[in-house]
Amino acid sequence: MRENLEKELESPEILAKDIDKELFINYKKIYNRVLKRILDLILALVLMGILLPIFLIVGILIIIETGFPVFYRADRGGYKGKKFKIYKFRSMIKNADKIGGGTTALNDIRITKVGSFLRKTKLDEIPNLINIIKGEMSFIGPRPELLKYIDQYEGTEKLILEVRPGITDFSSIEFINLDEIVGTENVDQRYEELVLPKKNKLRLKYVSKISFLTDVKIFFSTIEKVVKKAIKYIVRSDK
C-alpha cells in the first residue's frame with residue numbers, strides 16, 4: 001500500500017487529484033486530530049513570549065519606512081475548507097494586491113527594503129504564530145493557499161484540507177526560492193502551470209506522511225534551508 005502511494009506521488013503522469021484516496025491513512029490518526037494541535041498551542045504560546053521583542057522591532061521598522069499597517073492580512077483556505085485571515089508582517093507597499101497579482105515576481109517592485117530582508121530571512125512569517133494560537137494554522141503543514149486555488153481542488157486534492165495549513169512543509173522546502181522560479185513576467189501563469197501542480201502533490205505527500213517524526217524532520221530541514229538563504233542574502237547585500 002505504501003509503495004503504491006509513493007509511486008503515485010512520484011509519477012509525473014498522475015495528477016494530484018487522481019491519486020487513490022484509499023491510500024491515505026495517517027491524516028485520520030490521533031496525532032493529526034488531537035495531539036498536533038496541543039503541541040502547536042503550547043509551543044506557539046512559548047515562542048510568542050520569547051519573540052515579542054522581534055515583533056516590536058520589526059513593527060517599528062515597517063512603520064518608519066512605509067507607515068501602518070504593520071501586518072498583512074489576507075484570506076486563505078484553511079482546515080476543513082474554512083476561510084481565515086493569515087497574519088504576516090507587511091513586506092510590500094500599501095495596497096500591493098491592487099497593483100499586481102497574488103504571486104510575487106523576482107525583484108518585485110512592490111517589495112519594500114525592510115520587506116526584502118523579512119522575506120529572505122522568513123521573518124515576515126513570524127505573525128503566523130497568531131494563526132497557530134487561534135487554531136487556524138500549525139507549525140508544520142501545507143502552506144495556506146489563495147482561495148481561488150482552493151476552490152479548484154478536485155478529487156484527492158481535497159484531502160489537503162484535512163490537515164491544518166502550516167508555516168512549512170515539503171512544498172515550502174522545495175520552492176523556498178519561488179520568486180526565482182516564476183521569474184519576472186506572467187508570474188501568476190507560471191505559478192499555475194509550473195509550480196502549483198507539483199506543490200499540490202507535495203502537499204498530499206505531507207498528508208500521507210503526517211506524524212510527529214515527519215514534523216520534526218521538516219522543521220529542522222526548513223531551519224537549514226532558511227539559514228542558508230539568509231546567509232546568502234546577507235553576503236550579497238554586503239557586496
Side-chain angles (χ1 to χ4, degrees), residues 1-41 43-44 75-84 86 122 125 128-129 131-132 134-176 178 181 191-223 225-226:
M1 191 178 210
R2 172 59 61 181
E3 291 180 0
N4 290 338
L5 179 55
E6 293 291 343
K7 287 179 181 178
E8 293 198 25
L9 286 169
E10 297 296 330
S11 174
E13 299 176 357
I14 300 177
L15 299 176
K17 67 184 181 69
D18 295 326
I19 297 175
D20 186 357
K21 285 184 180 181
E22 299 303 317
L23 297 177
F24 292 82
I25 298 174
N26 279 17
Y27 77 91
K28 301 177 182 178
K29 296 180 179 180
I30 192 171
Y31 176 73
N32 180 50
R33 298 302 188 196
V34 180
L35 299 180
K36 186 172 166 67
R37 171 63 189 144
I38 296 172
L39 292 174
D40 281 335
L41 180 58
L43 184 56
D75 290 334
R76 292 291 186 270
Y79 186 50
K80 300 292 186 178
K82 185 178 180 180
K83 181 176 74 173
F84 73 98
I86 191 171
K122 296 298 181 181
E125 294 176 4
N128 284 173
L129 288 172
N131 294 117
I132 294 174
K134 293 173 67 177
E136 297 163 337
M137 288 181 62
S138 175
F139 281 98
I140 312 297
R143 282 299 296 170
E145 191 58 271
L146 297 175
L147 296 180
K148 68 176 183 178
Y149 296 131
I150 293 288
D151 290 340
Q152 295 173 18
Y153 282 174
E154 297 181 87
T156 307
E157 286 176 326
K158 294 180 180 180
L159 291 184
I160 295 170
L161 304 177
E162 291 297 322
V163 301
R164 281 184 175 82
I167 297 177
T168 182
D169 72 330
F170 293 118
S171 67
S172 302
I173 295 171
E174 178 75 17
F175 295 105
I176 193 168
L178 180 60
I181 296 172
Y191 175 79
E192 291 167 9
E193 294 178 354
L194 302 178
V195 177
L196 190 57
K198 295 180 182 178
K199 252 192 171 185
N200 284 344
K201 270 201 163 183
L202 289 169
R203 286 165 170 155
L204 283 177
K205 179 180 178 180
Y206 177 75
V207 175
S208 75
K209 290 179 174 290
I210 183 170
S211 68
F212 178 73
L213 183 58
T214 295
D215 285 357
V216 170
K217 289 180 178 178
I218 291 176
F219 176 80
F220 283 108
S221 181
T222 299
I223 294 296
K225 289 280 187 179
V226 169

Using a strict 4.0 Å threshold on nitrogen-to-oxygen distance, state whether Asp215 and Lys36 make a salt bridge. yes
(request) Could you tell me whether the side chain of Leu35 reaches within less than 4.5 Å of the side chain of Phe212, counting heavy atoms only? (result) no
Query - Worked verdict on Asn128 versus Arg143 for side chain to side chain donor-acceptor pair (under 3.5 Å) - result: CA-CA 11 Å; Asn128 284 173; Arg143 282 299 296 170; 3.1 Å; yes
* To do: Take Leu196 and Tyr191 through the side-chain contact (heavy atoms from CB on, under 4.5 Å) test and state the conclusion after the steps.
  => CA-CA 6 Å; Leu196 190 57; Tyr191 175 79; 3.8 Å; yes
CD1 of Ile181 to CD1 of Ile176, rounded to nearest 0.5 Å, is 10.5 Å
* Without swapping roles, check the side chain of Ser11 against the backbone of Lys7 for a donor-acceptor pair under 3.5 Å. => no
Those residues at least two apart in sequence (or on a different chain) that pass salt bridge (Lys or Arg N to Asp or Glu O under 4.0 Å) with Arg37 are none
Salt bridge (charged side-chain N to carboxylate O under 4.0 Å, His left out) test vs Arg203 passes for just one of Glu145, Glu162, Glu157, namely Glu145
Has Thr156 got a side-chain atom pairing as donor or acceptor with Ile19's backbone, closer than 3.5 angstrom?
yes
### Message
Treating Lys201 as the side-chain partner and Ile14 as the backbone partner, does any N or O pair qualify as donor plus acceptor under 3.5 Å?
### Response
yes
Scanning both residues in full, the closest heavy-atom pair of Ile167 with Met137 reads N-CE, 3.9 Å
Side chain to side chain contact (heavy atoms under 4.5 Å, CB included) with Val163: of Asp169, Ile210, Ile140, only one passes, and it is Ile210
Open item on the list: Measuring only between side-chain heavy atoms, which start at C-beta, is Asn26 closer than 4.5 Å to Lys29?
Closed with: yes
Any side-chain to backbone donor/acceptor pair from Thr214 onto Lys209? Under 3.5 Å, distance only. yes
